[in-house]
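Report on one structure; see the data block that follows.
A quick note: this is a predicted structure, and the numbers were derived from the prediction, not measured.
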Amino acid sequence: NYNGWQLNNYGLIDVQSGVLLLEQGSKNLNDGGSVTGTGRVRSVGGTLTLTGTTTLGAGATVELASGTLTGTGAFDGTGTFEWTGGGIAGGTITVGANANLLLSPGADRALYGGAVLNNNGTGLATLANTWIISSGATFNNNGLFTLQSDFTIFYDNSGSYPAFNNNAGGTLRKAGSAGSVAFHVNYGGTRFNNTGLVDIQQGTLILGGGGTGAGTWQVAASGQVEFTGNTMTLTNGTAFSGAGTNRVNGGRVNFSNSAG
């Protein structure tokens, strides 16, 4: 009540078991702080601000369940940043090369307000509802990001077009489900830009927002990529492999220079 206490952490938060619940108010994870233990820190309501680097120990989890995450900072170490609901707004949040990003079942979630979310580590999406990316926000995959469930990525027509970038050195993998992950075509959709590896082992990746790329599209026999809306421009260096299907179904694909 009354916006609660303000938390400012520069030191160690050690949750040996259970949940440390941070409700409402202002909560700040500051540079040089760390979270350890096999329990979790769960932010519910209010604003959680990440500044600088917070190190997550093995088995440790920081969870955004509702409210807002903002700031310019990184989750480093070998623990997990888990996103089950709420929004990431403004600033730049980075998951380090040895850390984990988990989008698990919960409420709809939104990346908005020009926010940038960087996955430099190991990411896994198991959510079963909607992930909104809007108002100029950007998701950058520079590590491994696995789509293991069926859900929709949706642009809600607020602000400039958002982008989902699978960058050079990054792998976006669809596995573990025969269903689809759809970048919804409504309002022009979220731009999908690939300069890394798209690895469709099972199920369908539906791209309704167009985009660009010079990366590799590797589609197994049980997989499919569908270009369903707007224009995808594939430039020199683009490669297709595998026994699966790459299908233009309502969208447009332009080949600039050579793609094979």
Side-chain angles (χ1 to χ4, degrees), residues 1-124 127 131-143 159 162:
N1 288 344
Y2 310 111
N3 292 323
W5 294 86
Q6 177 172 296
L7 170 70
N8 287 295
N9 182 59
Y10 295 89
L12 170 65
I13 299 175
D14 182 31
V15 185
Q16 290 293 307
S17 63
V19 177
L20 175 62
L21 195 61
L22 306 180
E23 295 183 315
Q24 301 300 325
S26 174
K27 301 153 284 190
N28 302 287
L29 299 179
N30 298 298
D31 188 43
S34 60
V35 178
T36 60
T38 57
R40 68 179 53 221
V41 176
R42 177 180 293 153
S43 183
V44 179
T47 300
L48 175 65
T49 301
L50 180 66
T51 303
T53 299
T54 289
T55 301
L56 306 180
T61 299
V62 172
E63 177 189 351
L64 177 65
S66 65
T68 302
L69 172 64
T70 191
T72 298
F75 291 111
D76 211 345
T78 58
T80 299
F81 167 55
E82 184 173 2
W83 189 10
T84 59
I88 299 176
T92 299
I93 305 298
T94 299
V95 175
N98 296 310
N100 303 287
L101 170 64
L102 176 59
L103 277 66
S104 54
D108 289 349
R109 64 216 72 196
L111 182 68
Y112 67 102
V116 177
L117 176 59
N118 298 313
N119 175 48
N120 294 340
T122 301
L124 177 64
L127 68 156
W131 179 9
I132 297 169
I133 307 180
S134 68
S135 55
T138 301
F139 177 80
N140 289 309
N141 179 48
N142 304 304

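The two residues Asn100 and Thr78 come nearest to each other via the heavy atoms ND2-O, 3.2 Å. In terms of heavy-atom proximity, Arg40 sits nearest to Arg42 at CD-NH2, 3.6 Å. Taking all atoms of both residues into account, the shortest heavy-atom contact from Ala89 to Ala115 is C-CB, 3.9 Å. Closest approach of Arg109 to Ala107, counting heavy atoms only: NH2-O, 3.0 Å. The two residues Ser135 and Gly113 have their closest heavy-atom pair at OG-N, 2.6 Å. When all heavy atoms are compared, the tightest approach of Ser43 to Lys27 is OG-NZ, 2.9 Å.
By the 30° and 60° cut-offs, the orientation of the rings of Phe139 relative to Trp131 is perpendicular.
Between Asp14 and Gln16, some side-chain heavy-atom pair lies under the 4.5 Å cut-off. By the 4.5 Å heavy-atom criterion applied to side chains, Val41 and Leu22 are counted as neighbours. Residues Ile13 and Leu29 have side chains in contact (heavy-atom distance under 4.5 Å, counting atoms from C-beta outward). Between Tyr112 and Thr68, the closest side-chain pair of non-hydrogen atoms falls below 4.5 Å. With contacts defined as side-chain heavy-atom distances shorter than 4.5 Å, the pair Asn28/Gln6 qualifies. You'll find the side chain of Leu12 reaches within 4.5 Å of the side chain of Ser34, heavy atoms only. The shortest distance between side-chain heavy atoms of Asn119 and Leu117 does not fall below 4.5 Å.
Interatomic distance, OH of Tyr10 versus OG1 of Thr51, reported as 8.0 Å (0.5 Å rounding). A distance of 11.5 Å separates CG in Leu56 from CG in Asn98, rounded to the nearest 0.5 Å. With rounding to the nearest 0.5 Å, the separation of CG in Asn120 from CG in Asn141 is 8.5 Å. With rounding to the nearest 0.5 Å, the separation of OG1 in Thr54 from CG in Asp31 is 7.5 Å. In this structure, CG on Leu69 lies 5.0 Å from CD1 on Ile88, to the nearest 0.5 angstrom. Thr84 contributes atom OG1, which lies 6.5 Å from atom CG of Leu64 (distance to the nearest 0.5 angstrom).
Judged purely by atom type and a 3.5 angstrom limit, Thr53 has no side-chain atom pairing as donor or acceptor with the backbone of Ala74.
Under the 3.5 Å distance criterion, with hydrogens and angles disregarded, a donor-acceptor pair is assigned to the side chains of Ser104 and Glu82.
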Next item on the list: Tell me, with the steps shown, if Val44 and Ser66 meet side chain to side chain contact (heavy atoms under 4.5 Å, CB included).
Entry: CA-CA 5 Å; Val44 179; Ser66 65; 3.3 Å; yes
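Evaluated for a side chain to side chain contact (heavy atoms under 4.5 Å, CB included) with Trp83, the options Ile93, Leu127, Leu111 yield exactly one hit, Leu111.
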